[in-house]
Structures are given as C-alpha cells and as structure tokens.
Amino acid sequence: MKNDFVNTAMSRFRNLREPKMPPYKLGLALSGGGIRGLAHLGIIQAMEEHGLKPDILSGVSSGAIVGALYADGHSPKEIARFFQESKFFQFAKVALPTKSLMTSERFYKTVGQLLHATTFEELHIPLIINITDLTDGKPVYINSGPLLDIVMASSSIPIILNPIEIGGKQYVDGGLTCNLPAKIIRPRCQELIGIHVNHIPISPPLHSIWEIAERAYHITLEANTLEEKKVCDLVIEPVKVRKYGLFDVGNSETIFKLGYEAGMKALEKYLKETK
C-alpha cells in the first residue's frame with residue numbers, strides 16, 4: 001500500500017516562505033501537450049546552445065515527464081530518443097473500459113526504468129509538478145517526496161489513462177487545472193521562461209467523437225494558461241506543432257525540430273532585446 005506522501009508534500013510546500021530575493025536565476029515552466037512535449041526538448045536544446053540552463057523547473061503532464069528526466073540529468077536529445085523509440089503515449093495497452101480506455105502500466109514501468117532519481121530531492125535541478133485532485137477538482141503542487149507516482153499522475157489524461165491512486169485519493173492530469181505552472185515558481189526565480197506547446201488554431205468543422213473530445217480538452221487547457229503566461233518574462237509557443245495531435249508519435253522528430261527552430265528564433269530576439 002502506498003504511503004500518503006501527497007499531504008505531507010503539500011504541507012511542506014505551503015510552509016515554504018516566499019524569499020525576499022529569488023534564490024534561482026532562471027526558471028523554466030513546461031506545459032502539457034501530449035507528444036507535442038517533444039517541442040520542449042527542441043527549445044531546451046536551443047537554450048543550451050545559447051548558454052542558458054534553468055536553475056529551477058516546473059512541469060505538468062508531458063512537461064512533467066520532460067522536466068523530471070531533464071532534472072535527472074538526461075540531455076534533450078537523449079530524452080527525445082526515449083519519446084521516439086519507446087513510442088511515448090503508446091505505452092498504454094488497450095484495456096477494458098472501466099476507469100479508463102487504457103492502462104498505463106507499461107508506461108509507468110518504462111519511465112521508472114529511465115529515471116535514476118526516486119525522489120524529488122535526488123534530482124539535479126529543483127522541480128515542481130502539479131497534479132489534479134480528482135475528488136476536490138483542485139491543483140496540487142508537489143516538490144518533495146517520491147517522484148514517479150507524481151510524474152505519472154500529472155500525465156494521466158482522464159478517460160484515456162487511468163487515475164493514479166495515492167493515499168486513497170485519485171489524481172489525474174495537472175493540465176486540467178493549470179497547464180502552465182508559471183505562477184508557482186515566479187517568486188523563486190529572477191527570470192522566468194514559459195514554454196507552451198498547446199496553442200490551438202481555429203478549427204474546421206469536426207466530425208468524429210475523438211476529434212471533438214480532443215478539441216474540447218485543448219480548449220480547457222488553453223483557457224487556464226492565460227494568467228500563467230502573464231507572469232513569464234518570455235513565453236515560447238512553437239505554433240507550428242499545433243497541427244499534431246496528442247498521440248501523433250509518428251511525427252516525433254519533426255516536432256522536436258519545430259521546437260528547436262521556434263526556440264532559436266525566440267531566444268535570439270529576446271536576448272538581443274534584453275542586452
């Protein structure tokens with residue numbers, strides 16, 4: 001039986017006093033977006049080539065997976081290979097539709113094998129992950145304790161993947177309540193870059209139930225990021241990845257490249273303006 005570490009972690013988080021002077025120079029907030037999360041990696045690669053490395057991270061859903069693996073010491077290209085070779089969201093095997101259409105057992109096992117750290121405290125870069133309490137319908141922010149359960153809970157899209165049970169409660173995709181966790185680390189960093197990979201275009205008429213469900217999900221995520229973007233010094237949105245679906249694994253390499261190109265362009269402009 002799993003220990004209820006979520007309440008303990010929440011208590012520790014609430015007890016942290018906001019520092020008068022932010023202790024971290026550069027923060028990076030990573031949105032959710034399914035396989036579009038590969039664009040995060042392209043942008044992080046562009047950041048590294050500009051001599052920028054975050055001192056603190058926050059992430060949700062696919063951004064939580066990217067954030068955890070990057071904070072664990074894996075390079076952007078190494079994580080991208082994990083997405084591509086392992087087929088990322090296709091880890092879930094089809095199951096009887098009880099609490100979800102799929103079960104994330106294989107997904108859970110594979111991510112766990114790649115992570116070296118078992119707790120937040122073991123990561124090389126401080127990380128905050130938000131998850132959604134399915135009972136209360138509220139966001140929960142975690143930065144301590146066991147890591148893998150929180151990464152998986154943050155990535156568990158309702159209906160598609162089963163909720164993660166921790167301490168007798170169910171937790172799901174943090175993006176439902178906050179799909180760009182920027183405000184939570186704003187007081188802790190002098191400069192904040194937000195990466196939002198879930199930008200949605202105007203849609204043509206939709207016909208299938210899956211298209212309608214995915215569109216509704218994207219609209220929900222877009223709406224709860226508006227205030228979060230305002231606290232960032234720079235928001236990078238690789239808009240060209242918007243044409244790819246949440247599980248469009250076949251275009252992984254292209255999504256990474258589009259993220260890299262958007263990152264290079266945005267960073268060159270931003271650094272030039274801030275000199």
Side-chain angles (χ1 to χ4, degrees), residues 26-67 69-71 74-84 88-89 125 175 178-182 185-186 189 191-203 214 217-219 221-275:
L26 178 61
L28 182 64
L30 305 172
S31 78
I35 198 62
R36 297 174 185 174
L38 271 163
H40 287 314
L41 296 166
I43 294 169
I44 294 172
Q45 180 67 37
M47 289 176 62
E48 289 191 348
E49 291 180 16
H50 279 84
L52 299 173
K53 186 156 185 174
D55 303 294
I56 184 171
L57 295 161
S58 64
V60 60
S61 198
S62 60
I65 298 172
V66 169
L69 292 174
Y70 187 64
H74 298 277
S75 71
K77 290 184 178 179
E78 184 181 358
I79 301 169
R81 284 196 298 272
F82 160 69
F83 275 64
Q84 294 159 2
F88 190 48
F89 277 114
I125 304 172
C178 179
N179 198 44
L180 182 64
I185 62 169
R186 175 74 268 186
C189 53
E191 192 173 8
L192 177 60
I193 296 175
I195 305 178
H196 181 241
V197 299
N198 203 54
H199 178 77
I200 57 173
I202 295 173
S203 174
E214 187 173 3
Y217 177 72
H218 284 317
I219 290 171
L221 302 190
E222 176 75 14
N224 69 40
T225 64
L226 298 178
E227 293 301 314
E228 301 290 329
K229 291 178 185 178
K230 292 178 181 179
V231 305
C232 298
D233 296 292
L234 171 65
V235 176
I236 303 177
E237 288 188 292
V239 295
K240 290 183 179 180
V241 306
R242 65 190 181 186
K243 65 182 179 180
Y244 300 108
L246 287 173
F247 309 109
D248 200 350
V249 182
N251 287 290
S252 297
E253 198 170 327
T254 300
I255 294 170
F256 179 93
K257 182 180 178 181
L258 290 173
Y260 175 77
E261 291 172 352
M264 292 295 284
K265 183 177 180 180
L267 289 167
E268 285 169 7
K269 181 182 178 182
Y270 177 71
L271 293 173
K272 184 178 180 180
E273 291 175 348
T274 55
K275 279 185 179 179

Inset, instruction - Identify the two heavy atoms, one from Leu41 and one from Pro76, that lie closest to each other, and give their separation to 0.1 Å. - result: O-CB, 3.5 Å
Inset, instruction - Write out all pairs satisfying side chain to side chain donor-acceptor pair (under 3.5 Å) with one or both partners inside residues 230-239, taking only residues at least two apart or from two chains. - result: Arg186-Asp233, His196-Glu237, Glu227-Lys230, Lys229-Glu237
Inset, instruction - Provide the closest heavy-atom pair for Ala80 versus Phe256 in the form atom of the first, atom of the second, distance. - result: CB-CD1, 3.8 Å
Inset, instruction - To the nearest 0.5 Å, tell me how far Phe82 CZ sits from Ser252 OG. - result: 11.0 Å
Inset, instruction - Report yes if the side chains of Asn179 and Asn198 come closer than 4.5 Å at any heavy-atom pair, otherwise no. - result: yes
Legend entry - Shortest non-hydrogen contact between Ile185 and Ser58, atoms and distance: CD1-OG, 3.6 Å
Legend entry - Contacts of type side chain to side chain contact (heavy atoms under 4.5 Å, CB included), residue Ala39, not counting sequence neighbours: Val197, Pro238, Val241, Ile255
Legend entry - Residue pairs involving residues 261-270 (criterion side chain to side chain donor-acceptor pair (under 3.5 Å); sequence neighbours excluded): Glu191-Tyr270
Legend entry - Heavy-atom pair with the smallest gap, counting every atom of Val60 and Pro181: CG1-CD, 3.7 Å
Inset, instruction - Run the numbers on Leu69 and Glu78 for side chain to side chain contact (heavy atoms under 4.5 Å, CB included), then give the verdict. - result: CA-CA 9 Å; Leu69 292 174; Glu78 184 181 358; over 6 Å; no
Inset, instruction - Look up atom CG in Leu258 and atom OH in Tyr244, then write down how far apart they are to the nearest 0.5 Å. - result: 5.5 Å
Legend entry - Any Lys53 side-chain heavy atom under 4.5 Å of Tyr70 side chain: yes
Legend entry - From CD1 (Ile79) to CD1 (Ile65), nearest 0.5 Å: 10.5 Å
Legend entry - Euclidean distance, Lys243 NZ relative to Asn251 CG, rounded to 0.5 Å: 8.0 Å
Inset, instruction - Examine distances only and state if a side-chain atom of Ser62 and a backbone atom of Gly33 form a donor-acceptor pair shorter than 3.5 Å. - result: yes
Inset, instruction - Using the side chain to side chain contact (heavy atoms under 4.5 Å, CB included) rule, pick out the option among Leu26, Asp55, Leu28, Ile56 that qualifies with Cys189. - result: Ile56
Legend entry - Pair Ser31-His40, side chain to side chain contact (heavy atoms under 4.5 Å, CB included): steps then yes or no: CA-CA 9 Å; Ser31 78; His40 287 314; 3.8 Å; yes
Inset, instruction - Measure the spacing between CD of Glu228 and CG of Leu192 and express it to the nearest 0.5 Å. - result: 9.5 Å
Legend entry - Minimal non-hydrogen separation, Leu180 against Leu30, with atom names: CD1-C, 4.3 Å
Inset, instruction - May I ask you to check whether over 12 heavy atoms, not counting those of Glu253, lie within 6.0 Å of atom CD? - result: no
Legend entry - Interatomic distance, Met47 atom CE to Leu271 atom CG [nearest 0.5 angstrom]: 9.5 Å
